[in-house]
Amino acid sequence: MRMIKVGVLGASGKMGAQTCLAVQDAADCELVAQLGRGDDLAELTKAGAQVAVDLTRPEAVMTNLQWCIENGIHAVVGTTGWDEERLATLRSWLDAAPGVGVLIAPNFSIGAMLMMQFAAKAARFYESVEIIELHHPDKVDAPSGTARRTAELVAAARQEAGSVPIPDSTTDELDGARGAQIEGIRVHGVRLRGLIAHQEVLFGNEGEMLTIRHDSMSRVSFMAGVLLGVRRIVDTPGLTVGLEHFMDLS
Ligand SMILES: NC(=O)C1=CN([C@@H]2O[C@H](COP(=O)(O)OP(=O)(O)OC[C@H]3O[C@@H](n4cnc5c(N)ncnc54)[C@H](OP(=O)(O)O)[C@@H]3O)[C@@H](O)[C@H]2O)C=CC1
Ligand SMILES: O=C(O)C1=N[C@H](C(=O)O)C[C@H](O)C1
């Protein structure tokens with residue numbers, strides 16, 4: 001059996017701690033480094049890490065990834081806060097490091113992957129669509145990476161289908177009352193103690209609605225996806241955005 005040496009960045013955070021346990025429990029992985037804020041990234045190379053799993057903060061992830069790529073370490077990234085500009089920077093670093101792979105996974109849970117796929121499939125059949133993401137109040141970014149990715153997938157499906165504009169007669173609006181717009185799709189964020197990670201995608205036509213909802217009630221829900229990413233990224237050079245590329249969802 002091939003053993004993969006894994007380092008976790010953000011190891012004492014909520015996701016990082018859960019990931020350390022999952023890596024330790026995986027028969028084909030060895031947890032060789034657990035780094036937090038202020039730790040020296042060179043610990044990764046000293047420990048022989050082949051893959052770094054980044055579960056830090058949007059303000060830390062770029063520095064971490066630049067270092068990993070320059071040092072030939074693959075990365076599986078759960079940290080959110082991505083936009084096209086950041087992805088383009090990442091691509092340019094990867095162009096200079098052939099053989100290194102980076103996976104950006106807005107969501108590692110199987111149910112969230114399916115929710116996004118189902119939403120993309122439903123998109124062309126409905127006139128209206130809005131997204132509501134609901135998270136614990138310690139989350140620093142809004143909207144969630146999952147909501148951003150869902151909006152992008154839904155917008156792309158609508159564009160491909162030549163959908164009519166989403167109806168909305170609002171002309172008098174208190175700032176924020178209608179949420180944020182991502183590629184023309186309205187996204188609303190809820191932060192509530194007691195929640196972990198949840199999302200609803202609402203579709204509407206005259207006389208009917210379809211609601212696609214996913215709930216993560218524990219961070220364990222993300223671990224199978226993290227391990228899948230670790231196992232696949234060592235053989236997948238370049239940038240991969242979305243765990244769906246490593247899954248057979250046909
Ligand atoms: N893709 C997915 O499926 C999921 C993604 N996430 C994302 O993962 C990220 C982490 O989430 P969560 O665990 O809830 O957040 P936490 O705040 O619990 O954890 C973040 C951790 O990163 C540490 N950290 C901050 N800066 C650095 C740095 N430069 N180097 C190393 N560690 C650093 C923090 O340390 P300190 O405490 O000292 O600040 C903290 O321990 C978020 O971006 C979140 O959106 C979360 C869940 C699922
Ligand atoms: O911060 C979180 O908790 C989560 N972040 C990811 C996101 O922004 O989509 C994934 C999941 O929703 C949990």
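Both counts, for ligands and for their atoms, begin at 1 and track the order of listing. No experiment lies behind these values; they were computed from the predicted model shown.
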So is Gly38 polar-close to ligand 1, meaning N/O to N/O under 3.5 Å?
no
Give a yes or no on this: more than 12 heavy atoms of other residues, nucleotides or ligands lie within 6.0 Å of atom NZ of Lys121.
no
Side chain or backbone of Met15 under 4.0 Å from ligand 1, or both, or neither, by non-hydrogen atoms?
both
Identify whether Leu114 and Met116 are in the same connected component of the hydrophobic contact network (ILVMFWY, side-chain heavy atoms under 4.5 Å).
yes
Taking Glu130 first and then Arg186, would you say they form a salt bridge - that is, a charged N and a carboxylate O separated by under 4.0 Å?
no
Side chain or backbone, does Lys14 bring an N or O within less than 3.5 Å of an N or O on ligand 1?
yes
Within the 4.0 Å heavy-atom cut-off, what Ala197 brings close to ligand 2 is side chain
Atoms of ligand 2 less than 4.0 Å from Ser144 heavy atoms?
7 (C), 8 (O), 9 (O)
Look at atom 39 (O) of ligand 1 and say which protein heavy atom is nearest, naming residue and atom and giving the distance to 0.1 Å.
Arg37 NH2, 2.6 Å
Looking at atom 7 (C) of ligand 2, what's its closest protein heavy atom, distance included?
Gly145 N, 3.4 Å
Suppose we measure from atom 1 (O) of ligand 2 to each protein heavy atom; which comes out shortest, and what is that distance?
Lys139 NZ, 2.9 Å
Treating Ser128 as the side-chain partner and Ile166 as the backbone partner, does any N or O pair qualify as donor plus acceptor under 3.5 Å?
no
Taking the non-hydrogen atoms of Glu59, is any one of them nearer than 4.0 angstrom to ligand 1?
no
Please write down residue, atom name and distance for the protein heavy atom closest to atom 12 (O) of ligand 2.
His135 NE2, 2.6 Å
Ligand 2-proximal atoms of Lys14, by part, heavy-atom distance under 4.0 Å:
neither
For Thr146, the ligand 2 atoms whose distance to one of its heavy atoms is below 4.0 Å:
7 (C), 9 (O), 10 (C), 12 (O)
For ligand 2, which atoms have a heavy atom of Asn107 less than 4.0 angstrom away?
10 (C), 11 (C), 12 (O)
Scanning both residues in full, the closest heavy-atom pair of Ala147 with Val187 reads CB-CG1, 3.7 Å
Is the shortest side-chain heavy-atom distance between Ile196 and Met217 below 4.5 Å?
no
If you count the atoms of ligand 2 from 1 in the order shown, which ones are under 4.0 Å from a heavy atom of Pro106?
6 (C), 7 (C), 9 (O), 10 (C)
For the 3.5 Å polar cut-off, considering only N or O atoms, please tell me whether Gly78 and ligand 1 meet it.
yes
Donor-acceptor check, side chain of Thr240 to backbone of Thr236, threshold 3.5 angstrom: yes or no?
no
Enclosure of Gln24 CD (heavy-atom neighbours >12, cutoff 6.0 Å)
yes
Ring center gap for Phe222 and Phe108 short of 6.0 angstrom
no
Logged contact type for Ala105 with ligand 1, heavy-atom cut-off 4.0 Å, is backbone
Output the list of atoms in ligand 2 that are nearer than 4.0 Å to some heavy atom of Thr80, sorted by atom number.
6 (C), 7 (C), 8 (O)
What I'd like to find out is whether the side chain of Gln199 reaches to under 4.5 Å of the side chain of Ser144, using heavy atoms alone.
yes
What about Pro106: any of its N or O atoms under 3.5 Å from an N or O on ligand 1?
yes
Heavy atoms only: which of Thr63, Leu55, Thr80 is nearest to atom 44 (C) of ligand 1?
Thr80
Looking only at heavy atoms, is any part of Phe108 under 4.0 Å from ligand 1, and if so is it the side chain, the backbone, or both, or is it neither?
both
So does Glu183 pair up with Arg158, basic N to acidic O under 4.0 Å?
no
Would you find more than 12 non-hydrogen atoms of other residues, nucleotides or ligands less than 6.0 Å from Gln181 atom CD?
yes
Tell me: protein heavy atom nearest atom 28 (C) of ligand 1, and distance?
Ala60 CB, 3.7 Å
Under a 4.0 Å N-O cut-off, is there an ion pair linking Asp28 with Arg231?
yes
Checking heavy atoms under 4.0 Å, the part of Ser216 that sits near ligand 2 is neither
Does Asp25 use its side chain to pair, donor to acceptor, with the backbone of Ala22 at less than 3.5 Å?
no
Any nitrogen or oxygen of Lys139, main chain or side chain, under 3.5 Å from a nitrogen or oxygen of ligand 1?
yes
the protein heavy atom lying closest to atom 22 (O) of ligand 1 turns out to be Thr56 CA, 3.4 Å
Side chain, backbone, both or neither: which part of His136 has a heavy atom under 4.0 Å from ligand 2?
side chain
Any heavy atom of Met15 closer to ligand 2 than 4.0 angstrom?
no
